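Reading through the structure tokens given below for one structure.
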There are 2 protein chains.
Amino acid sequence: MKTPLRIVIIEDDEIISMGYQTLLSEVDDFSVVNVFSSFDLARKQLEIDAPDVILLDIEMPGTNGLQALPIIKKALPNTHIIILTVFDSPELVFEALTMGAAGYLTKNSNVAKIIEAIREVGTGGGAMSTNVARIVMHSFQKNLDSPLTKRETEILTKIANGQTKAQIAAELFIDPETVRSHVKNIYIKLDVNSKSEAIKTAKAKRFI
Amino acid sequence: MKTPLRIVIIEDDEIISMGYQTLLSEVDDFSVVNVFSSFDLARKQLEIDAPDVILLDIEMPGTNGLQALPIIKKALPNTHIIILTVFDSPELVFEALTMGAAGYLTKNSNVAKIIEAIREVGTGGGAMSTNVARIVMHSFQKNLDSPLTKRETEILTKIANGQTKAQIAAELFIDPETVRSHVKNIYIKLDVNSKSEAIKTAKAKRFI
DNA sequence: CGAGAATCACCCAAAACGGGTGATTTTTTA
DNA sequence: TAAAAAATCACCCGTTTTGGGTGATTCTCG
């Protein structure tokens with residue numbers, strides 16, 4: 001028989017917490033090993049519980065979920081964390097993902113979805129609810145109506161990566177003067193007159 | 001009665017194409033209005049078909065799916081495109097998402113998942129299979145063992161955004177000399193001696 | 001064919017950079 | 001609470017990069 005997935009729930013709303021606990025306990029290969037109403041209460045016990053997956057709320061008394069994320073990741077590198085919250089603002093989502101969350105679910109997700117997500121992150125995968133997916137995907141989308149040409153976009157991207165004109169010229173096998181020409185044209189098209197403004201404008205309008 | 005979601009399938013494998021067509025036609029509010037074996041064949045007919053959602057394969061004779069993406073987006077701005085392919089390399093996924101794909105599914109996705117994805121993108125949402133979600137989420141994760149301090153990370157991030165030391169100093173309400181100090185320390189910690197190297201190294205190691 | 005794109009050239013002054021060295025004040029943490 | 005780490009500011013130096021102006025040639029694609 002397979003060892004069950006060890007799950008810990010950190011959620012300050014007792015009703016919700018109890019609900020998850022009951023529902024997840026019914027899953028054969030899941031084992032809810034502990035439930036806490038705040039991260040501060042969970043902190044010391046977590047290493048003993050050694051969960052495979054933690055369902056973590058964001059809004060909590062004391063240390064909130066986002067603050068807890070890096071602390072948990074450091075103490076339990078092999079534990080996968082799923083953020084489970086009612087909030088889905090882009091800022092919170094990106095913050096959670098950069099801090100190492102393996103999943104981000106909003107609380108309107110149905111049970112099947114949550115169970116699927118737990119299994120997924122348990123095997124090193126990723127999981128997010130559809131509204132979170134939308135936010136994440138939008139963050140990738142480039143503006144397809146850029147006034148910049150292919151070459152100009154290419155060069156501005158490299159500038160945004162901190163490369164100097166000389167380095168860019170070497171990489172593209174063109175003269176540094178040519179790079180300067182392109183840059184000047186970029187400035188005109190974007191109506192700016194410095195590197196930083198160009199990068200800022202181009203990023204804001206999603207040209208790069 | 002609600003108008004059904006108009007779906008077009010562009011897929012060169014006839015067996016797969018036929019399979020999707022049959023399965024999706026059975027869904028009440030779905031209407032598969034056309035099926036093409038290549039984008040080049042679909043091109044002119046697409047505007048007439050005016051689909052809400054297009055299932056687009058990547059590997060195809062002639063114009064491939066990724067090349068087709070921007071063309072479709074330009075011609076039919078209100079049509080949502082779901083990439084449906086066997087490939088899931090990070091490069092392909094990011095390319096597809098930046099070019100405006102609303103969904104990215106691998107062909108091992110089950111039918112329920114595909115139907116759910118079509119409904120989701122039909123209402124402006126996003127959809128991706130779990131393996132794609134994993135790729136996307138990994139791309140966000142920062143290295144939590146950065147040698148850089150909070151301030152140093154903050155400053156290096158701004159440098160990576162093209163800001164000059166003077167601008168950074170103004171934004172952080174500190175002296176430009178202090179910014180220089182931080183930058184020098186960053187260079188030492190990352191073992192580099194220029195802006196571009198620092199950005200490159202920091203990005204490669206996911207410190208920023 | 002003709003327009004936009006990409007290429008290269010040379011002028012100039014101002015700004016930014018990278019390196020060195022040292023010091024003070026907060027903040028963190030063991 | 002004492003030591004360590006982080007954050008702050010200062011002044012030296014020579015070199016590189018920047019932004020602006022102006023113009024010209026070649027390429028490419030519809």
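In what follows, chains carry the letters A, B, and so on, assigned in the order in which the sequence lines appear, proteins first and then strands, with residues in each chain numbered from 1. Because the structure is a prediction, the values reported are computed rather than measured.
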Here's a test of your reading of the structure: between A:Ser181 and A:Gln163, which maps to the more 5' nucleotide of DNA chain D?
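Taking each residue's closest nucleotide, the earlier one in sequence belongs to A:Gln163.
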
First encountered from the 5' end of DNA chain D, between A:Thr164 and A:Glu177
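On the 5' side of the pair lies A:Thr164.
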
Hey, are A:Thr63 and A:Asp40 close enough side-chain-wise for a donor-acceptor pair under 3.5 Å?
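Yes.
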
Regarding A:Glu14 and A:Ser17, is there a side-chain donor-to-acceptor distance under 3.5 Å anywhere?
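No.
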
Tell me: [atom1] of [X] to [atom2] of [N], nearest whole Å?
X        : N      : atom1 : atom2 : answer
A:Ile168 : C:dC8  : CD1   : C1'   : 17 Å
A:Glu152 : C:dA5  : CD    : C1'   : 8 Å
A:Asn185 : D:dG19 : CG    : C1'   : 13 Å
B:Ile159 : C:dC17 : CD1   : C1'   : 11 Å
B:Lys165 : D:dA10 : NZ    : P     : 17 Å
A:His182 : D:dG20 : NE2   : P     : 17 Å
A:Glu197 : D:dG20 : CD    : C1'   : 14 Å
A:Ile188 : C:dG4  : CD1   : P     : 14 Å

Does atom CZ (A:Arg6) have a neighbourhood of more than 12 heavy atoms from anything else shown, all under 6.0 Å?
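Result for CZ/A:Arg6: enclosed.
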
Please tell me which of the listed nucleotides, [options], lies nearest to the side chain of [X]?
X        : options                : value
B:Arg180 : D:dC9, C:dG20, C:dA6   : C:dG20
A:Ile174 : C:dG18, C:dA16, C:dC8  : C:dC8
B:Asn193 : C:dT21, D:dG19, C:dG18 : C:dG18
A:Lys195 : D:dG19, D:dC12, D:dA10 : D:dG19
B:Arg151 : D:dA6, D:dC9, D:dA7    : D:dA7
A:Thr178 : C:dT7, D:dT8, D:dA6    : C:dT7

Does B:Tyr187 make a side-chain N or O approach to OP1 or OP2 of C:dG18 shorter than 4.0 Å?
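Yes, within the criterion.
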
Would one find a side-chain N or O of A:Thr149 under 4.0 angstrom from OP1 or OP2 of C:dA6?
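Indeed, a polar side-chain atom of A:Thr149 lies that close.
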
Is any side-chain N of the basic residue among B:Arg151 and B:Glu154 closer than 4.0 Å to the acidic one's carboxylate O?
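Looking at B:Arg151 and B:Glu154, the cut-off is met.
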
Side-chain donor/acceptor contact of B:Lys184 with base of C:dG18 under 3.5 Å
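Not at all, since no donor on one side and acceptor on the other fall under 3.5 Å apart.
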
Going by the rule side chain to side chain contact (heavy atoms under 4.5 Å, CB included), which residues pair with B:Glu177 if we only count those two or more places apart in sequence or in a different chain?
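B:Asp175, B:Arg180.
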
